[in-house]
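Have a look at the structure below before the remarks.
Atoms within each ligand, like the ligands themselves, are counted from 1 in listed order. Residue numbers run from 1 in the order of the sequence given. What you are looking at is a predicted structure, and each value in this text was computed from that prediction instead of being measured.
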Amino acid sequence: MNVLKFGGTSVGNAANIRKVVEIISQSEEKKIIVLSAMSGVTNLLVNLHKASVDGNDAEISEALQAIKVKHFEAIDSLFTNSQSASEAMVQIDQYLADLRELALGDIRPSLYAEIVTYGETMLTYLFSKYLDQQQIENVLLDAKEFMYVGSVENPDVNAVGARLKPVLNRKPSTLYITQGFVCLDDKGNIETLKRGGSDFSATIIGAAVGAGEVQIWTDIDGLHNNDPRFVQETRPIEHLTYNEAAELAYFGAKILHPQTVAPVIDKDIPVWLKNTFEPQAAGTKISNEHHNRGLKAISAKDGITAIRIRSNRMLGAHGFLKTIFEVFDRYETSIDMITTSEVAISLTIDDNRNLKAIVTELSVIAEITVEQEHSIICIVGENLIEDHESYKAFSLLDKLPVRMISYGGSNNNISLLVPTKEKVKTLQYLNAQLFRLEGALV
Ligand code: ADP
Ligand code: ASP
Ligand code: MG
């Protein structure tokens, strides 16, 4: 059994949906297909939720209408049989009526997830119905029957497997279709796996069923050595280790949800990144195979806040770091980078929700400086630190506006903190300098 996930662009219109059907029809093995919403639909659903909270009826109608147009255009083009087309329209209208009722109903904590996960519900319905029309036998599964992950931070793949296996046995098929993004928490409330979470759905499901491989199909030919949105002349990487992919995803490589590889590492299930629009391209294989060590790729994560904590009391005093970490722990705020000197610590966080309270508490014991709008630039490669060439990266630092550096925390990365307004220039400069030679530091 393999798990194949297709992202928003891959299912963004009728022509692309046809391409996806061609790809999944190419092999006979058993498959679970995990689908995102049509591109743009989740954003519209986020608007719908906001309009609901604001009590703005005009914006509720506007969002629903835009969602309707996207799905009806796809129906028009996909369904040649007029009965199937009208059944599909009736069903999409029903989903839109459900959404209107939700949006006009009580505001409650789970409302966001209940609304924004509808995009996947609507698209998987259309997709499965289109397969029926093409006489491709398939079974549509409701992910809400089995995606009981407990905690979104640390999903329980065994619990998902225990619910999913009987569902699969009850409905034998070689082709299952289900929704990405949606899950249920430990109380059985609908939750999301966060934006971009369908990648994570695919690896959770892959681990839950012990899949042969997980394929993530998107709009680019694999993970590139730098962010193609900001840097020209990037190129796809053929092999990454789980650790390399995890670092790149966590530190901003948008092609992968930050938690994607975690569920499959222990089970050693390879993850392929493939291009729906260029299926013959090699793509990227993520596995525990070590092909070449040293520098592989650079990514950037925005929205970082640097906090400098300075205190003369720190001098020679033990227990100071513990006191500081306890403050962050109390506010459930995780720290990404950290550097220390004799009298000061600088650290970074990406979750600002409790920044004010944290600073107020820390100010009692130390002098605090806060700098917002920074980015972490992450230079990644297995054994980068042991690679004696890597010191050459430091010769570039005089040209870069670096505020903090982390080196040696793991063998696989060097992290630099720069102001976000300098991010693009930094990525471009590092790309030009570090990738001048094929895959090696220069
Ligand atoms: P999907 O909707 O299929 O999940 P995403 O938009 O989430 O697709 O991810 C694919 C996009 O990620 C690419 O189009 C590309 O712009 C962006 N991206 C950012 N960093 C990288 C990288 N290092 N390699 C490849 N793509 C990247
Ligand atoms: N549709 C969701 C989003 O846009 C999940 C996904 O595409 O992975 O975030
Ligand atoms: Mg994505």
Side-chain angles (χ1 to χ4, degrees), residues 4-13 16 19-20 23 34-47 49 67 70 112-113 115-124 143 147 152 178-183 191-205 214-238 240 244-245 247-260 271-278 281 283-284 286 296-302 375 377-381 423-424 427 430-431 435:
L4 284 70
K5 175 259 170 176
F6 292 85
T9 315
S10 303
V11 292
N13 58 40
N16 295 0
K19 288 199 173 81
V20 171
I23 290 167
V34 176
L35 300 174
S36 295
M38 298 179 85
S39 54
V41 167
T42 310
N43 288 346
L44 289 166
L45 290 164
V46 170
N47 297 348
H49 173 257
I67 294 167
K70 269 209 89 118
Y112 173 81
I115 288 180
V116 301
T117 56
Y118 253 80
E120 276 68 14
T121 307
M122 290 194 275
L123 184 275
T124 46
M147 283 297 279
V152 171
T178 196
Q179 306 82 32
F181 193 38
V182 67
C183 66
E191 249 302 351
T192 74
L193 292 169
K194 312 264 166 70
R195 293 306 304 270
S198 298
D199 301 333
F200 197 21
S201 304
T203 51
I204 293 170
I205 293 171
V214 174
Q215 301 171 11
I216 293 179
W217 291 81
T218 181
D219 56 4
I220 189 164
D221 54 350
L223 197 143
H224 281 217
N225 64 327
N226 208 322
D227 194 323
R229 292 168 299 174
F230 308 118
V231 179
Q232 286 177 343
E233 293 174 6
T234 61
R235 53 184 157 76
I237 302 166
E238 271 188 56
L240 285 170
E244 289 169 335
E247 301 258 17
L248 290 163
Y250 184 74
F251 287 108
K254 187 192 172 227
I255 185 171
L256 281 182
H257 178 281
Q259 291 158 280
T260 306
V271 178
W272 284 89
L273 307 182
K274 296 280 289 177
N275 189 348
T276 303
F277 308 101
E278 217 187 314
T284 299
I286 302 168
K296 292 276 179 62
I298 302 174
S299 61
K301 180 176 174 180
D302 295 337
S375 299
I377 310 277
C378 194
I379 305 173
V380 173
K423 175 187 77 172
V424 172
L427 286 176
L430 287 172
N431 205 60
F435 291 105

Checking the N or O distance criterion of under 3.5 Å, is ligand 1 in contact with [X]?
X      : value
Lys254 : yes
His224 : yes
Gly8   : yes

Going by the order shown, which atoms of ligand 1 are within less than 4.0 Å of some heavy atom of Gly222?
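It comes down to these atoms of ligand 1: 24 (N), 25 (C).
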
Nearest heavy-atom pair of Met38 and Lys70: which atoms, and what distance?
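Nearest heavy atoms, Met38 then Lys70: CE-O, 3.8 Å.
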
Heavy-atom pair of closest approach, residues Phe200 and His257:
CD2-CE1, 3.7 Å

Pick from [options]: the one approaching [atom] most closely through a non-hydrogen atom:
atom                    : options                    : result
atom 21 (C) of ligand 1 : Gly12, Ser39, Gly7, Pro228 : Pro228
atom 8 (O) of ligand 1  : Ile220, Asp221, Thr218     : Thr218
atom 9 (O) of ligand 1  : Asn275, Thr276, Ile255     : Ile255

With atoms numbered from 1 as shown, which atoms in ligand 2 lie under 4.0 angstrom from a non-hydrogen atom of Arg195?
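Matching atoms, with element in brackets: 3 (C), 4 (O), 9 (O).
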
Heavy-atom pairs closer than 4.0 Å: do any link ligand 1 to the side chain of Asn226, the backbone, both, or neither?
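The backbone, only.
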
Select one of side chain, backbone, both or neither to describe which atoms of Glu120 lie under 4.0 Å from any atom of ligand 2, heavy atoms only.
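Side chain only.
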
In the structure I gave you, are the side-chain heavy atoms of [X] and [Y] within less than 4.5 Å of one another anywhere?
X      : Y      : answer
Leu273 : Ile286 : yes
Leu430 : Phe435 : no
Val41  : Leu123 : no
Leu193 : Val152 : yes

Between [X] (side chain only) and [Y] (backbone N and O only), is there a donor and an acceptor less than 3.5 Å apart?
X      : Y      : value
Asp199 : Thr260 : no
Asp221 : Pro236 : no
Thr284 : Ile237 : yes
His224 : Asn226 : no

Of the protein's non-hydrogen atoms, which lies at the shortest distance from [atom], and what is that distance?
atom                    : result
atom 16 (O) of ligand 1 : Arg229 CG, 3.4 Å
atom 6 (C) of ligand 2  : Ser198 OG, 3.4 Å
atom 13 (C) of ligand 1 : Asp219 OD1, 3.5 Å
atom 7 (O) of ligand 2  : Ser36 OG, 3.2 Å

Can an N or O of Lys194 be found at a distance shorter than 3.5 Å from an N or O of ligand 2?
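For ligand 2, there is no N or O atom that lies under 3.5 Å from one belonging to Lys194.
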
Under 3.5 Å between any N/O of Gly196 and any N/O of ligand 2: does that happen in this structure?
yes

side-chain contact (heavy atoms from CB on, under 4.5 Å) partner of Ser201, chosen from Glu120, Met147, Gln179:
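So, applying the side-chain contact (heavy atoms from CB on, under 4.5 Å) to Ser201 and each of Glu120, Met147, Gln179, only Met147 qualifies.
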
At a 4.0 Å cut-off, with the gap strictly under it, does some heavy atom of Ala297 reach an atom of ligand 1?
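It does not, in that no heavy atom of Ala297 comes within the 4.0 Å cut-off of ligand 1.
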
Can you find a non-hydrogen atom of Lys5 under 4.0 Å from ligand 1?
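Yes, Lys5 has a heavy atom closer than 4.0 Å to ligand 1.
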
Would you please classify the geometry between the Trp217 ring and the Phe6 ring as parallel, tilted or perpendicular, with 30° and 60° separating the classes?
parallel

Tell me whether Gly197 reaches ligand 2 (any heavy atom closer than 4.0 angstrom to a ligand atom).
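It does; at least one heavy atom falls under 4.0 Å.
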
